[in-house]
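Structure first, commentary second.
Order of the sequence lines fixes the chain letters, A, B, ..., with proteins taken first and strands second; residue numbering starts at 1 for each chain. Worth saying up front: this structure is predicted, and the values here are computed from it rather than measured. Side chains are part of it too, since the values below use all heavy atoms of this structure and drop only hydrogens, waters and symmetry mates.
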Amino acid sequence: MKKSVALVGALAAMTLVLSACAADDTETAATTTTEETTATETVAAAGSVLESVQEAGVVRCGTRDALPGFAVLTEAGEHEGFDSDFCKAIAAAVLGDATAVEMVDLETADRFTALQNGSIDVLVRNTTWTASRDGGEAATFLQPNFYDGQGMMVATGSYASVEDMNGAVVCVAKGTTTEGNAALESSRLGLNWEVRSFDETDLILEAFIAGQCDGWSSDVSQLTGFRSAYPDGADALEILPEVFSKEPLAPAVLDGDTQWAQVVNWAILATIQAEEFGITSANVDDFLTSEDVSIQRFLGVEIVTDDGSAVLDPGLGLPTDFAYQVVKQVGNYGEIFEAHLTPLGLERGVNALWTNGGLLYAPPFR
Amino acid sequence: MSSLPSAPTRVPFWRDVRVLRWAFQLVVLALVFALLFWLYGNYQANVAKSSIPTNLRFLDNPSNFTIPGNDLDQSAPVRDAFYQGFLNTLQVAIAGIVFATILGTLVGIARLSKNFLVRTIAAAYVEVIRNIPLLLLLTFMNLAVVLQTFPRIEEAWLPLDLFVISNRGIAIPWFIGSAPILLAVGAAAILAAWATGKIRARISDATGKPARAGLYAFAVFALIALSGWVALGYTVTLPFVDDRATDGGFRLDPSFFALLVTLVIYTSSHIAEIVRGSIMAVPRGQGEAADALALKPGVKMRLVILPQAFRIAMPAVGNQYLNLIKNSSLGATISYFELTQIAQITVGNGSPAVPAFTLTLLVYLAISLITSVIVNFFNRRLALVER
């Protein structure tokens, strides 16, 4: 009898622990189950992230804190960088306030889990858009905000080309497409690399400084950032010319909420379209009086015609002036790029507007 | 007064303590199951909504990463990567258990030494190591010892020209030959050595001559290993530095080394305390009897005290073995490719998180349970049979 009392006690304790663990997710879990029963067919319709974001008055943006140029924590405790600005752009579009963002720092290996369990609304964290992530991680990828490619950084003078690196130790970040690309490139060139994966870039840096790694492989944009912040100075490192993968870095939202996906997508696209129009945060107010109908539509200005006046509402669920807010409070794509990535020495390259031979192309705002 | 019960009536069931106890237990059990069922239902609903797979089919997908120190390429299935992670976990766990037991026993005995210096050093070791968080110890071992204290490969230490020590790993001389044959010869030698020990013990029982089982067993082991080596044409390769890597011999991964050393010193500090306590728990009369027989201190410790102490220590030490196995998962933080690291990487590369981590969890559970069974087996074998 004593034994079974102990057993019951143990089970009761387990119950407590389980319920404590579950407490965090109870809210989301409960809402989803009720949805399941009421609206199984029309999953996207009910309980949109857009509504919950508007209700909370804050966008929870999955990001990171130590990637120079893209997202770093300033001494004041603010997130600053290219990715951080896109988080702010989303907040400006949805809530009309670029500061209404809660930056959630995520480990690389945890980022999709955070998206799946609803602890963030959108992931803007240097994440490569791939088919199996689209399919397997329940993520919907949107307009890439940076077209990147994987490269290799080595100590200056140690190697002239990736092909010279036979038997080298290549260090990468854990849980990234980088691992697979490095392994693939190694077998493609017959080089027999030893690929070591680290939790955090700080650890790669330590290992690299100590000479445990011959090469540091990552997206070129990231390598440029790390190089600029290298303790021995940027000249101690060089990035080899070869780029051996396509890495479209795109924001991602959870599958199954089309409305929210469109909202985030158009917030990103607004920055691109603004640059195409030549609208910057500095001169956006001058454009409010523009006679150009395309610009009037874009900025959500009243368009006066013979039949009266109207404001374009594309029906995205966004305020009609969302593009104005994005440009006014954050800036256009070019401004964001110049503020954060140009100082690292990154060129626009393929990230130029399509009108300049790049890949950035926004669908028309009409 | 007429209604006084004449015979003992049955207590109604809602006031029957036996029924109530059972009912209470059933209610709690039902609640627990209901909670688990509800959580599982939520999980199912959520993953179905976001079309995340819940089956184990991801095991057949290409892994998309490579593991240092073996030949699996990135097109090998996730299953193989998991298996390799399992082997790496076993490798560090088994080596860790062996070394932690030896070191822990020595330190435990040293704690009781009559020599002040030995006793104090052992006490300091135990108190310092066991009061440091394991993760911190591991991080320190990796960053400060392996990365910074060990030389770069260009300046590698080459003690006796037999080893190559650098922060790229420690290379040791090794056999050339296929692993299964090596294992078979090793197993045969160990079996023969064990049988020899048994036979010597029996002869000793019959004739009263000293058994010297260890000596004979070692001789047999060495003989078989040597003859197997000659017959099957094993050779030894010495490691050497080839440009920026080591070649020849067998290279211990730097993260393996850091993890093993950390687990050994951490676990040994706990085992030392168990051994010390167990030695002190051996009745004083046993030691005094050994003294009365004029046994030398070493013999007294080896033949009288320790066998009885181990009997007492066994369950607690087994617990430490389980801890060591589970703690080996911290290797993921320093890029040792054990089970947890494999699980994390594969989840980052498109495998569904819940099934992948559930699988990992079950593998750890299986390893731990098997270890428990083995420890319990020896515990029963060693236990005093009291009549």
Below 4.5 Å, heavy-atom pairs only: which of [options] has the largest tally toward chain A?
options: B/Arg152, B/Arg168, B/Gln341; answer: B/Arg168
options: B/Pro62, B/Ser166, B/Ala332; answer: B/Ala332
options: B/Asn167, B/Asn61, B/Thr139; answer: B/Asn167
options: B/Pro352, B/Pro254, B/Gly169, B/Ser351; answer: B/Pro254

So what's closer than 4.5 Å to chain A heavy atoms on [X]: side chain, backbone, both or neither?
X: B/Val146; result: side chain
X: B/Ile345; result: both
X: B/Phe150; result: neither

Given that the side chain runs from C-beta out, which part of [X] has a heavy atom under 4.5 Å from chain B: side chain, backbone, both or neither?
X: A/Asp214; value: both
X: A/Gln212; value: both
X: A/Leu184; value: both
X: A/Arg196; value: both
X: A/Thr178; value: neither
X: A/Cys213; value: backbone

Work out which heavy atom in [X] is nearest to a heavy atom in [Y]; give both atom names and the distance.
X: A/Ala183; Y: B/Thr66; value: CB-CG2, 3.6 Å
X: A/Leu203; Y: B/Thr333; value: CD1-O, 3.7 Å
X: B/Val347; Y: A/Glu137; value: O-OE2, 2.8 Å

Decide yes or no for A/Ser197 and B/Gln344: does some side-chain heavy atom of the first lie under 4.5 Å from some side-chain heavy atom of the second?
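Answer no - side chains too far apart.
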
Gap between atom CD of A/Glu206 and atom CG of B/Leu147 - 0.5 Å precision
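That separation rounds to 7.0 Å.
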
Is the number of heavy atoms from other residues, nucleotides or ligands under 6.0 Å of A/Phe244 CZ greater than 12?
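Enclosed.
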
B/Asp253 vs A/Glu194, side-chain contact (heavy atoms from CB on, under 4.5 Å): CA-CA, chis, key distance, verdict
CA-CA 11 Å; B/Asp253 196 89; A/Glu194 178 179 319; 4.1 Å; yes

